[in-house]
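Working notes, structure below.
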Amino acid sequence: MAATSGRVRLADRKRAFAREEILNAAERLLLAGDLPDFSMRALSEEAGVSFATPFNHFGSKTGILRSLAQRMFDAITDRYVADSATGAGDAIDRTFMMGQAGCAVWLERPAVHRYLIGTLVAGGPAAGGGSADDPEEFRRRSRALWILALGDHDGIDPAMRPLAVGALPEQLAIMFRGAAALWAGGEVADDQFGAAVDLGIATSLIGYVPAGRRDDLTGRIARAAAVLAPRGAVGESVVVATGSQPD
């Protein structure tokens, strides 16, 4: 019995190794071309496996892309956990830290992640963004990240905590999806992506925090809006930051 168990574990390790090699090969192909994409034949050759092996492990090209997206969520979690290990403040501070972790991971391989959001998310249901068993897979994974960051909602106005528990993770997931879609479409530059997420987090949180924290969030909103102002639109950034009206 023990020998059989050992053989199963070895087979599982080999299977996991093959899956990782296929995903690594997919990322290399997405990074290599002028237009990120890959064929299943090119993928099998890059990974050094038979043409059938990626299908055996993932079922389809969409299955491979979903697994790349899942690996991205894992990377965001790992980065957040590492960044917060030395002290992450309260729920407000941790939420901004999660946003920073998400942006950092997405910007490490921008071509890969633009392709993923364009294919799996912006492409709609026909693109197969979620699995057949879990069509809300990415939305659920995104909510889980914000639930992790919010923790026990310390720093949130006690009177607003019941609403925050139910609404904030969903609101933040929608916010990040929107910012990522604008970034993937080229409407938000790489050096503006963090500001877009900061703006979304601050505006999402401002109705949930005690009065003493609102000045800090208002300042964040003004700074992020200034970064996001259309290039050269100085007057517009002043209106956003000060509330003044143009003559």
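- Remark: the backbone N or O of Leu199 is not paired with any side-chain donor or acceptor of Arg220 at under 3.5 angstrom.
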- [ ] Dump the intermediate steps for side-chain contact (heavy atoms from CB on, under 4.5 Å) on Glu45 and Phe51, then the final yes or no.
- [x] CA-CA 8 Å; Glu45 292 173 357; Phe51 180 69; over 6 Å; no
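- Between the side chains of Arg71 and Asn24, a donor-acceptor pair is found at a separation under 3.5 Å.
- One finds no salt bridge joining Arg140 and Glu170 here, because no Lys/Arg side-chain nitrogen approaches an Asp/Glu carboxylate oxygen to under 4.0 Å.
- Here Asp154 does not pair with Arg161 in a salt bridge; the nearest charged N to carboxylate O distance is not below 4.0 Å.
- Formation of a donor-acceptor pair under 3.5 Å by the Ser142 side chain with backbone atoms of Phe138 is not found in this model.
- Under a 4.0 Å N-O distance rule, the pair Asp198/Arg223 does not qualify as a salt bridge.
- In this structure, the side chain of Gln192 engages the main chain of Val227 through a donor-acceptor pair within 3.5 Å.
- One finds a salt bridge joining Asp190 and Arg114 here, because a Lys/Arg side-chain nitrogen approaches an Asp/Glu carboxylate oxygen to under 4.0 Å.
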Open item on the list: What verdict does the side-chain contact (heavy atoms from CB on, under 4.5 Å) test give for Val165 and Leu150, after you've listed the backbone C-alpha separation in whole Å, the side-chain angles of each residue and the deciding distance to 0.1 Å?
Closed with: CA-CA 9 Å; Val165 169; Leu150 288 164; over 6 Å; no
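- The distance from the NE2 atom of His57 to the CD1 atom of Ile22 is 4.5 Å, given to the nearest 0.5 Å.
- Remark: the Asp157 side chain and the Tyr208 side chain contain no N/O donor-acceptor pair separated by less than 3.5 Å.
- Using modelled atom types, one side-chain atom of His113 and one backbone atom of Trp106 make a donor-acceptor pair closer than 3.5 Å.
- Remark: the backbone N or O of Arg41 is paired with a side-chain donor or acceptor of Ser44 at under 3.5 angstrom.
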TODO: Dump the intermediate steps for side-chain contact (heavy atoms from CB on, under 4.5 Å) on Asp83 and Gln100, then the final yes or no.
DONE: CA-CA 10 Å; Asp83 290 348; Gln100 292 163 8; over 6 Å; no
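- Taking hydrophobic clusters as Ile, Leu, Val, Met, Phe, Trp and Tyr residues chained together by side-chain heavy-atom distances below 4.5 Å, Leu148 shares a cluster with Val197.
- Distance alone, capped at 3.5 Å, places no donor-acceptor pair between the Arg139 side chain and the Ala173 backbone.
- With Phe38 as the aromatic partner, Lys61 meets the cation-pi criteria of under 6.0 angstrom to the ring centre and within 45 degrees of the ring axis.
- Remark: the backbone N or O of Val49 is not paired with any side-chain donor or acceptor of Thr53 at under 3.5 angstrom.
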- [ ] Take Arg213 and Asp90 through the test side-chain contact (heavy atoms from CB on, under 4.5 Å) and record every step on the way to the result.
- [x] CA-CA 11 Å; Arg213 296 298 297 269; Asp90 61 16; 2.5 Å; yes
